[in-house]
Q: 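Handing you a structure now.
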Amino acid sequence: MDIKRIDKYIFSIKGKNVDAIVFTDQETINDPEFKEALQQIVNVTHMPGIVAALAMPDIHWGYGFPIGGVGVFDAKDGVISPGGIGFDINCGVRLMLTSLTFEEIKPQLRRLVEAIYDAVPVGVGASGAVKVSAKTLRKVCIEGAHWAVENGYGFKEDLERIEDTGKLSPANPDHVSSKAFERGLDELSTLGAGNHFIEIQKVERIFDPKVAEAFGIFEGQVAISVHCGSRGFGHQIATDYIQIMRDKLAHHNKDLPDKQLINAPFEHPIGQQYFSAMNCAANYAFANRQMIGHAVRMALLKIFPTAQVWLLYDVAHNIAKVEVYNNRKLIVHRKGATRSLGPKNPLLPSLYSDVGQPVLIPGSMGSASYVLVGTKKAEEMSYGSTAHGAGRTLGRRAALRSLSYEQVLNELKQKGIEVMSKGKKTLVEEAPETYKDVDRVVEIVDQVGLSRKVARLVPLGVVKG
DNA sequence: ATGTTC
């Protein structure tokens with residue numbers, strides 16, 4: 001690989017149609033562990049209509065495209081690729097703020113974790129939180145979080161605090177297979193497994209008092225974050241369209257450096273159908289986080305009836321969207337990357353217009369999480385993108401080999417974190433030592449200016465699959 | 001991430 005250092009935390013790697021740009025430190029660039037992930041972002045530069053191939057400091061190996069990657073294509077000559085989005089379409093995170101302080105909830109912490117665990121089905125194959133018909137699921141596909149609010153899962157004021165108000169279009173459920181519908185029916189309002197979690201957190205440190213105030217964040221405040229996606233519904237849609245593209249677009253895809261980069265021209269009917277189906281899954285995920293967030297809010301209010309609980313923001317970090325930069329219509333794939341819009345961006349709701357978009361970066365289980373704010377610089381340098389999380393360094397299998405359930409549980413207990421987890425395996429796979437240090441990731445995006453630190457939150461309690 | 005190996 002032909003790598004050039006452009007700035008302290010910016011590297012360029014010689015690509016085919018464009019050069020790949022990687023925002024990270026020298027250590028990661030040199031680390032053999034990240035070599036495959038760097039090769040993956042270089043592979044993306046071979047794709048038709050590529051405008052930019054970027055990687056964030058939380059880059060790691062993924063299906064075709066690296067996680068922590070941004071693939072930008074011309075909407076006219078370019079492509080849309082399921083691997084650039086990920087199997088968990090619209091995996092994302094929402095952060096709810098409360099009027100409570102750590103001191104107030106401390107005596108009830110265990111009870112609160114238990115109440116949340118009881119309110120939200122978790123784990124592999126979790127189901128049965130709500131019963132919806134196929135007809136209703138079609139509405140969820142089209143209306144997303146708006147459907148949830150209209151049906152009693154939350155309040156109207158939640159919607160402007162969700163990226164794209166929790167409703168993307170075009171989203172035609174006719175483009176979704178019946179198999180995806182079957183899987184999606186009884187998984188609404190369930191958390192799932194893997195790195196998904198619900199976490200009770202405490203605001204430990206404020207970096208930017210002015211923006212923190214605009215966001216309603218104060219030191220010692222209790223916050224709750226929900227990290228999940230579109231469950232089996234999105235997974236099936238990704239699987240279906242990868243198969244369709246293999247069957248129907250073999251000739252178009254014959255020259256790819258990696259078969260997993262399979263794609264469809266964005267303007268081709270298959271590209272348009274995948275885009276529409278992907279938006280259905282994205283809307284399902286927005287509804288899912290809205291419903292889970294509301295269930296968590298209700299569980300908290302049962303224990304603390306006079307508390308206030310409100311949504312700060314909800315972001316998607318596995319998605320492709322049509323966005324315009326320099327009067328050019330582009331298809332921006334963010335796979336393990338968060339949108340980062342600066343002040344006055346017209347896509348922002350008025351309540352955040354003066355300061356910029358809240359950017360939510362969850363850490364791994366047992367480590368810190370961050371609230372940052374979007375920047376104009378990100379709009380100029382990274383097509384409005386920043387990092388999404390800590391970034392895995394140790395594979396799931398390796399984690400299971402080297403750690404035990406008791407070990408991980410003890411480690412969390414020693415930090416004073418209350419944990420409830422359905423599966424022992426999940427807890428080990430998600431152990432803190434399997435992830436890169438989130439503080440380092442956040443430091444780099446802050447230094448480069450892709451988003452600015454506002455607050456650091458630490459975990460108090462965690463519910464996992 | 002995932003009815004955790006289509």
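Computed from a predicted structure; not experimentally measured. Convention: sequence-line order gives letters A, B, ...; per-chain numbering from 1.
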Q: Given atom CG of Leu191(A) and atom P of dT2(B), what is their separation to the nearest angstrom?
A: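 Interatomic distance, CG of Leu191(A) to P of dT2(B): 8 Å.
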Q: What is the nucleic acid contact for Lys335(A), judged by heavy atoms within less than 4.0 Å: base, sugar-phosphate only, or nothing?
A: nothing
Q: Below 6.0 angstrom between ring centroids: does that apply to His227(A) and His317(A)?
A: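 Ring centroids of His227(A) and His317(A) are less than 6.0 Å from each other.
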Q: Could you check whether Glu187(A) gets within reach of a base, just the sugar-phosphate, or nothing at all, counting any heavy atom under 4.0 Å?
A: sugar-phosphate
Q: Base, sugar-phosphate alone, or nothing: which one does Glu430(A) contact when heavy atoms must sit under 4.0 Å apart?
A: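 Touches sugar-phosphate only.
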Q: When the nearest nucleotide of DNA chain B is assigned to Thr239(A) and to Arg396(A) on a heavy-atom basis, which residue is associated with the more 5' position?
A: Arg396(A)
Q: Which atoms form the tightest heavy-atom contact between Pro362(A) and His388(A), and what is the distance?
A: CD-O, 3.2 Å
Q: Could you state the OH-C1' distance from Tyr284(A) to dT2(B), rounded to the nearest angstrom?
A: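 Whole-Å distance recorded here is 13 Å.
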Q: Report which part of the nucleic acid Ala193(A) touches: base, sugar-phosphate, or nothing (heavy-atom distance under 4.0 Å, all strands).
A: sugar-phosphate
Q: Could you check how far CD1 of Ile262(A) sits from P of dC6(B), rounded to whole Å?
A: 18 Å
Q: So, for His333(A) and Phe73(A), is the gap between ring centers shorter than 6.0 Å?
A: yes
Q: Given atom NZ of Lys425(A) and atom C1' of dT2(B), what is their separation to the nearest angstrom?
A: 12 Å
Q: How many Å lie between CZ on Arg397(A) and P on dT2(B), as a whole number?
A: 18 Å
Q: Can you check whether Arg231(A) has a side-chain N or O nearer than 4.0 Å to OP1 or OP2 of dT2(B)?
A: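 Answer is yes, contact under 4.0 Å.
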Q: Return the value, rounded to whole Å, for the distance between atom NZ of Lys424(A) and atom C1' of dT4(B).
A: 18 Å
Q: Aromatic ring centroids of Phe233(A) and Tyr284(A) under 6.0 Å?
A: yes
Q: Which part of the nucleic acid, if any, lies within reach of Gly194(A) when heavy atoms closer than 4.0 Å are counted: base, sugar-phosphate only, or nothing?
A: sugar-phosphate
Q: Tell me whether the guanidinium CZ or amine NZ of Lys425(A) lies under 6.0 angstrom from the six-membered ring centre of Tyr405(A) and within 45° of its axis.
A: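 Relative to the ring axis of Tyr405(A), which defines the angle, Lys425(A) lies outside at least one limit.
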Q: Rounded to whole Å, how long is the line connecting atom CD of Gln236(A) with atom C1' of dC6(B)?
A: 10 Å
Q: Whole Å only: how far is the NE2 atom of His196(A) from the P atom of dT4(B)?
A: 16 Å
